[in-house]
Structures are given as C-alpha cells and as structure tokens.
Amino acid sequence: MAVKLTDEELELCRKAFNNFDKDGSGTIDVKELKAALGAMNQHPSDEELFVMVHDVDEDNSGEIEFSEFCKVIIKHRAATAKNGEEGDTLDAFVALGGNPDKSGKISTDKLRATIKAFELTLDIDRLIREVDLDRSGFVDYAEFKAILT
Ligand SMILES: [Ca+2]
Ligand SMILES: [Ca+2]
C-alpha cells in the first residue's frame, strides 16, 4: 500500500510512535503497545494485543516498526473519516438505546432507520442479516461494531 504522508502527518506519526516506543528501540513491542493503550484507558486482552500487532506487522518481526505504525495511523484516519472512531461507535450505540458500558441491545429497526438517515453507503439489510443470526431483531455492541467496521 502506497501511503503518502505530508510533513505534518509524518510528524504526528513520529510523536505518537515515540509515545509508544518507551525504550527508544525504534520498534513497538506488545508490552509497549499495552502500556500506551492503557494510558488511553484502553485495556485489550493479550490475545487482542497479539492480533493488533500481527495485523500491522508486515515483516513478521513481532514488533511494529515506524513505517508499519504510520500505515496504521493512516488507515485508522481513513476509517475514522468513514465510520467514526470507537468512541463514536459507542456514542451511536448509546444513542440507539444501548448502554455506555457496551451492554444492552439495540433494535435493528432503529439501526436500519439511522443508517439510512445518514445515507451511509452500507448494505444495512444484508449486514443486519449477517450479524443478527437468530433474527431476534436486536444487536449487541459487538455485533453493532461489526456492522460499522
Ligand atoms: Ca521499543
Ligand atoms: Ca515488523
């Protein structure tokens, strides 16, 4: 993937990277990732952390190099522009009747109406069918997130 970064973006990446790379080794390992996410009040499990690193780690070094890190930032930015961040996902979930702690369920009817109101380019009917396997007419947070990402 060819990623073009402006000087500004490059600086942003560098700053963020240095935040993660506590020992200044030039790479981010799982421990550093965990600590950095923890500082942002995010506490993924070890398994999730592994998946995150693995997703990013193109050369399979087991650590995230700067170039790999930049790609994530850019990818994340693109995803944010399209779907909103995790916080926005949660806000939307809550707005649709879920709970802020990610418990509860929201009605797929409401969801469908909202997606259509925002004119998002999603085949929402198909997505709901895929996610709401038991046809309960409700989706929980994990399912909701799956729809949006
Ligand atoms: Ca490091
Ligand atoms: Ca790597």
Side-chain angles (χ1 to χ4, degrees), residues 1-96 98-106 108 111-112 114-116 118-134 138-149:
M1 182 171 65
V3 179
K4 275 236 158 144
L5 291 175
T6 64
D7 289 348
E8 218 169 276
E9 288 169 329
L10 204 59
E11 195 179 321
L12 187 94
C13 285
R14 175 57 71 188
K15 267 193 198 145
F17 187 83
N18 288 344
N19 253 340
F20 280 74
D21 183 21
K22 294 283 181 221
D23 64 0
S25 64
T27 60
I28 298 165
D29 57 33
V30 173
K31 253 190 247 156
E32 287 169 340
L33 183 63
K34 189 174 184 173
L37 290 175
M40 292 186 256
N41 220 5
Q42 291 186 41
H43 302 283
S45 67
D46 285 352
E47 201 177 16
E48 286 168 332
L49 284 166
F50 176 79
V51 171
M52 279 183 212
V53 171
H54 189 74
D55 270 354
V56 176
D57 185 19
E58 291 186 335
D59 62 358
N60 290 319
S61 63
E63 299 187 330
I64 302 170
E65 282 81 26
F66 183 62
S67 62
E68 291 169 343
F69 182 80
C70 278
K71 281 184 192 169
V72 177
I73 298 274
I74 298 307
K75 216 164 107 181
H76 182 71
R77 199 189 51 182
T80 301
K82 226 195 277 168
N83 293 325
E85 290 180 72
E86 167 91 6
D88 294 340
T89 307
L90 186 56
D91 285 347
F93 182 71
V94 173
L96 289 167
N99 299 319
D101 64 357
K102 300 183 186 175
S103 69
K105 283 173 182 281
I106 57 176
T108 51
L111 176 60
R112 192 179 284 118
T114 305
I115 296 281
K116 289 195 169 152
F118 281 102
E119 296 182 335
L120 297 174
T121 51
L122 290 172
D123 185 353
I124 188 63
D125 294 317
R126 183 178 60 83
L127 287 168
I128 287 174
R129 266 200 306 279
E130 274 174 15
V131 166
D132 182 24
L133 291 176
D134 60 2
F138 289 89
V139 290
D140 64 21
Y141 181 72
E143 293 166 342
F144 178 64
K145 208 174 138 204
I147 288 176
L148 293 187
T149 49

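Treat the numbers as computed from the prediction; the structure is a model and nothing was measured. We're numbering straight along the sequence, starting at 1. Numbering of ligands and ligand atoms starts at 1, following listing order.
By the side-chain contact (heavy atoms from CB on, under 4.5 Å) test, F17 is found to be paired with R14, D21, I28, F66, F69, residues two or more places apart in sequence or in another chain being considered. Residues passing the side-chain contact (heavy atoms from CB on, under 4.5 Å) test with V56 are I64, E68, V72, sequence neighbours excluded.
Taking OG1 of T108 as the start and CZ of F138 as the end, the distance is 7.5 Å to the nearest 0.5 Å.
The Ca ion (ligand 1) is the vertex of the angle joining OD1 of D21 and OD1 of D23, which measures 80° to the nearest 10°.
Contact record, R126 with E130: NH1-OE2, 2.7 Å, taken as the closest heavy-atom pair.
Between F50 and H54, the ring planes lie parallel to each other; the angle is under 30°, not in the 30° to 60° tilted range.
Protein N/O/S atoms found under 3.0 Å from the Ca ion (ligand 2): D57 OD1, D59 OD1, S61 OG, E63 O, E65 OE1, E68 OE1, E68 OE2.
Screening residues 33-49 for salt bridge (charged side-chain N to carboxylate O under 4.0 Å, His left out) gives K34-D46 as the qualifying pairs, with residues at least two apart or on separate chains.
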